[in-house]
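These notes concern the structure reproduced below.
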Amino acid sequence: MTNRLVAVISGLMLLIGCTVIVKPALSCRISEFMCKSTGRCVQLDEYCDGKYDCPDRSDEPPSCTACNRTYYGEVGKSYRLTVKKLQKERPFLCHLSFTASGQEHGDFVELIFEEFRLGTLYLGECISGEMQILELGRPYVGGSWCGYGPTDGAAPAVYYSEAGTVTLTLRIPVSGLYTTLPFAFGLRFKFLDNRQASVRLGTAAEPKERGELVPGTHCSHNFYECYRKRCSLQSPNYPGMYPRNVTCRYTIRQKVVPKCKHAMVSVTQGSGSAVQQAHRSGGGGRGQQEAAPGNNNGTAIIRVNDMCSENEDRLVFHDGPSEDDPVLLRYCGGPGLPRVVASGSVMLVVFKSWVHNSPATFSWPPPVSRLRSFELDVRIAFVDSDSLDYAKGPVCEFTVNASATPKSRRGVLVSPRHAVPPNSTCTYRFQGLPDDRVWMYFESYGHRSTGHFLTFKPCPTRLRIWDGAGTLLGDHCDTPRLCEHIAVGDASSSAQQNATRPKRPCTLDESYLSKSPSVILQVHSVLGTVLEPFGFRLHYEFVDSSVHDRETDGDECIIDYRVRESMDLAEPRNVFLYGRGGAKSVDCVYRLQAEPGYRLQIVARNASFGSRERPPQPIARTVTGKYTCPPGDGGPRLAVREVFWRTVRVERGCFCQNFTESALGTQQVTFDTSSDRVEIYFHVPGLAVTDDYANTYFNAHVRVLRWPACPRKQWVRGSGGEIELAYPPEAREDLHCRDVPWLLEARPGHSMFVQTWGRFLPVNESSAAPCRTRNRILLYAVRPDVRLVGNVCPSEAREGRSDTLYMFSDEWTVFVPDDQQNPSFMVEFVAQDAGSMAFKWLEVSKPSRRMQATSPSKRNQSGSGGGPHRGSGCAYGCPELEACISSTLWCDGHRNCPSGVDEADLECQTKWPSFKVLRSYGLPVVGLGLVGVVFAVLACLYCRREPEYKHYDEPEQATENTTRSCSTIAS
């Protein structure tokens, strides 16, 4: 009972005592201390500060200490605290708690360490004393500080809490080494609200996204969608000193990626150090401004990768979400953090602080060779998903495959837009079609050193280029071959002016050209591209060497096709044939060969003749209505030619201005050929240095039409003959040989004469010439080039008309060297209306001067009876032509000479046997009738002989056909 009464009394006294003590406290704020006797309120940091702030000296009781107390404060005020160690030999343990309780009492705490002497760092551990920091609601990390600092003249170290309550624990063991080390501890503290934390949180207009804290961790954060907000990756307790023995994992993910784009995470410190940025931004509170670092040591180097040991603070950047992903950079201190870019949409940044902090690093700011608090800006870069700006796998490999599409045969490569780990090789494989060669040239190339002594290696960045055949095209530690003049923009002119300024082509001395369809390009980086950035801009192009080989085929551009089915033709995809590749003009011939029993139809769809403006050409058309180009002007042209007998090329149409099929009409661009061989000639002179197959081109479609081959070999040679065409054709061979011309060839030393009926029309039938029919007889000179020399509007009947037309080959009036080929004429029937056309031809020669010197009167007086030469200088000739003909044509039953003198009765009667001669052989009169019948049959057969000519498949293979007839129906 007594004990219970004592307890009750004691409780009442305690209650009364508490009431007496607490009651006055109701008039003091939570951040104040109340003097016992007077009830005066003083700041909490004035308790046990060595000065009497209360009149009753209750703030300085005997053996008082600042330890084991909780301190509050108000926003806008600064407080100071000093801890004194008691001299008794016992373990020293001191807890100092600082609480920001919100509103006017702040949201977090700023601790400014002005004096620190506690223990020492020995063999990586704190002995004889240490300090630990614990924040309410955060996991215990166990790290500690020891040593001394800050040094004289250095700014004090600053700690900013993340939570509202932070507790400092000062501990000195009872015994151990260095127990006599001096002890000193003094700090200032402030309570700040979030509005003042612009350095950490940003401003209301531009807030900082600090990520989502991972539950159960001290400082790990997840960042999402940083492309639309300002993400700031900060060290723990930024912008102040961070805790010891912490591991922070910052995972940055970009989930939303636009269509056809690829996202890459970029992390950079920006200009200057993060703490310097904090100082310039005018962060909240005097303490934050005091956290600005002092002058950096200009001789300090950046410490990265292998220079970082396991017992020091470091940042590790992984190219992916896991610590097993490749390490792009290890950073443990230095003047500045380089920019780090991941290859994908996820990056993991791991920050690790060591368990203990040495005296040298406790001073603030730490030496520039050590890691300090940091703030990294996060950016998201988007590139085209089908580009080669990033590696699509864990290895830095790129493949460029060529196809038939123009887009895939030419392009520009740039160095990877993301970082490459140390000791990595980026490989580019160029694979063309079987006939391709790879041409590449660098517009720019460079590798920038960070000034780190590790970069001073013999070859930190090595570029090698291999031909697919195994030949090493280039091995460079410095700069490869450059073609810098093609770059756009310079300091002396605007980008727009420079973009339009013509640039000379890149030469082989400024580029690389493979001899196989594949090339391998490798760039090896010893230190990685974060520390040793390299960059290049490479132009590549797949060159179709089947059309033209710059090194072996000279300037020839000849393409052969055996056409078995319909196909499309286009300009050659060979840059060396154009101005951009160094050529002055394009001259390409497409030779098309149809299968036996087929003909080709050509449809020219469009053409463009480069960037140079050319004067408009007069519109001219062939007799068939197709466009034609002015002869001999040397201008651009796209011509369609038929090839007969392999050597004779007849131009069927030509375009010398840019055109499209829709603009000209189908009829003007469609060519129905009669030969099984067709050539398309593409010629563009005066190319500009920017011209290539992008603006110098043509497109044509080739159709294969079934058509039996012409059974006649219409290449004839002989003394003369006559050919007639009836349209529509009746005979099968006439149908099969429709539109196939006749080639008339004379022997060396002779000329060719052609006679036809009608009247001549202008050769260039651009204006409609009067003619009763659309049919034409076209006469071509064959040597040295095929050219139209006669355009005849034909007549129907021939007997007794005066519309006879004569034409000789050039050899008759123009000197031709002896080494020229045989004189020739080509005759073509253009049949579109019902009717008939015909011509005769003769192999003629000039009269002999010796025979011309003998007068006709003397020869007649000699009793020759007026021979067949009739004084023309020829043994057998046509006086009206003043030309000699073959003796086989004399009195052969055909009127070969236009005047018919070769069949005159006076000349031919001596060639028939007389009856007197027959009687001299004693033939009975009865047999005369039989002889007459025989002669009549022979005469008829003689009349039915065809003209003498030869047919040729090839010039060197001649076969003679001596069948004769009065007329040959041909088409």
Side-chain angles (χ1 to χ4, degrees), residues 622-624 648 650 712 714-727 729 734 737-746 750-765 769-782 786-813 823-844 878 880-883 885 889 894-903 946-949 965-971:
T622 64
V623 295
T624 58
V648 180
V650 183
R712 292 195 296 257
Q714 299 186 175
W715 184 352
V716 298
R717 171 189 286 179
S719 302
E722 180 178 357
I723 300 174
E724 183 176 357
L725 166 72
Y727 185 80
D734 296 340
C737 296
R738 179 182 174 183
D739 299 330
V740 179
W742 293 80
L743 179 63
L744 315 174
E745 188 175 69
H750 294 71
S751 296
M752 185 60 64
F753 167 76
V754 174
Q755 175 188 359
T756 187
W757 296 267
R759 59 189 181 85
F760 284 115
L761 301 175
V763 173
N764 185 0
E765 215 174 318
C771 184
R772 63 174 183 78
T773 179
R774 293 182 298 170
N775 296 342
R776 297 290 186 272
I777 300 177
L778 304 180
L779 304 175
Y780 296 88
V782 179
V786 177
R787 66 186 186 282
L788 182 63
V789 295
N791 179 16
V792 178
C793 175
S795 298
E796 284 288 346
R798 301 192 305 274
E799 298 297 334
R801 291 185 323 198
S802 59
D803 56 354
T804 302
L805 303 177
Y806 302 158
M807 183 168 287
F808 289 89
S809 60
D810 291 342
E811 295 79 9
W812 188 255
T813 57
S824 304
F825 245 127
M826 191 175 74
V827 182
E828 183 179 12
F829 294 120
V830 179
Q832 302 185 60
D833 297 332
S836 62
M837 295 174 281
F839 70 90
K840 290 183 178 181
W841 58 278
L842 289 173
E843 184 184 67
V844 298
C878 300
E880 70 275 24
L881 300 179
E882 296 184 357
I885 63 175
L889 301 179
H894 297 279
R895 295 169 58 91
N896 296 293
C897 293
S899 63
V901 67
D902 57 317
E903 298 298 327
E946 279 189 339
E948 185 183 55
Y949 61 89
S965 64
C966 294
S967 63
T968 299
I969 307 300
S971 62

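Every heavy atom of this structure was used, including side-chain atoms; hydrogens, water molecules and symmetry mates were not.
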request  = List the steps and the verdict of side-chain contact (heavy atoms from CB on, under 4.5 Å) for M807 and F839.
outcome  = CA-CA 11 Å; M807 183 168 287; F839 70 90; over 6 Å; no
inquiry  = Please give me the minimum heavy-atom distance between V901 and C878, naming the atom from each residue.
reply    = CG1-CA, 4.5 Å
query = If you round to the nearest 0.5 Å, how far is CG of L788 from CD of E828?
reply = 9.0 Å
message = Quick check: closest heavy atoms across H750 and E811, and the distance to 0.1 Å?
response = O-CB, 4.4 Å
request  = Verify, without hydrogens or angle tests, whether E722 (side chain) and K840 (backbone) share a donor-acceptor contact under 3.5 angstrom.
outcome  = no
ask   = Which is it for Y727 and R738 under the side-chain contact (heavy atoms from CB on, under 4.5 Å) test, yes or no, and what are the steps along the way?
value = CA-CA 10 Å; Y727 185 80; R738 179 182 174 183; 3.3 Å; yes
query = So, R717 and E745, do they make that salt bridge, N to O below 4.0 Å?
reply = yes
note = Rounding to 0.5 Å, atoms CG (L805) and CD (Q755) come to a distance of 9.0 Å
query = Sub-3.5 Å donor-acceptor pair from the side chain of Q714 to the main-chain atoms of V740, do we have one?
reply = yes
task = Could you check if a side-chain atom of V648 sits within less than 4.5 angstrom of a side-chain atom of W715, using non-hydrogen atoms only?
result = no
message = Tell me if a side-chain donor or acceptor on N896 pairs with a main-chain N or O of L889 at a distance below 3.5 Å.
response = yes
ask   = How many angstroms lie between atom CE of M826 and atom OG of S809, to the nearest 0.5 angstrom?
value = 14.5 Å
task = Using side chain to side chain contact (heavy atoms under 4.5 Å, CB included) as the criterion, point out the one residue from V827, L842, L779 that pairs with L744.
result = V827
remark   = Sorted by chain and residue number, the ring pair (Phe, Tyr, Trp, His ring centres under 6.0 Å) partners of Y806 (sequence neighbours excluded) come out as F753
inquiry  = Using every non-hydrogen atom in the two residues, find where A831 and L725 come nearest and quote the distance to one decimal.
reply    = CB-CD2, 4.0 Å
request  = Please tell me if the side chains of V789 and Y780 come closer than 4.5 Å, counting only heavy atoms from C-beta onward.
outcome  = no
request  = Measure across M752 and A746 and return the closest heavy-atom pair with its distance rounded to 0.1 Å.
outcome  = CE-N, 3.5 Å
inquiry  = Return the CZ to OG distance between R759 and S795, rounded to the nearest 0.5 Å.
reply    = 8.5 Å
query = CG of L778 to CZ of F829: how many Å apart, nearest 0.5 Å?
reply = 10.0 Å
request  = Report yes or no: does R776 contribute a side-chain atom to a donor-acceptor pair with the main-chain N or O of T773 at less than 3.5 Å?
outcome  = yes
remark   = In terms of heavy-atom contacts, N791 and P762 come closest through ND2-O, 3.0 Å
request  = Please check if the side chain of S824 supplies one atom and the backbone of A781 the other of a donor-acceptor pair under 3.5 Å.
outcome  = no
inquiry  = Run T813 and F808 through side-chain contact (heavy atoms from CB on, under 4.5 Å) and show every step you take.
reply    = CA-CA 8 Å; T813 57; F808 289 89; 5.8 Å; no
key: R772 to P794 - nearest heavy-atom pair and separation   = NH2-O, 3.3 Å
request  = Give, for atom CG of L881 and atom CH2 of W812, the distance between the pair rounded to the nearest 0.5 Å.
outcome  = 7.5 Å
ask   = So, the side chain of N775 versus the backbone of Q832: is there a donor-acceptor pair under 3.5 Å, distance only?
value = yes
message = Checking the side chain of D803 only, and the main-chain atoms of W757 only, is there a donor and an acceptor separated by less than 3.5 Å?
response = no
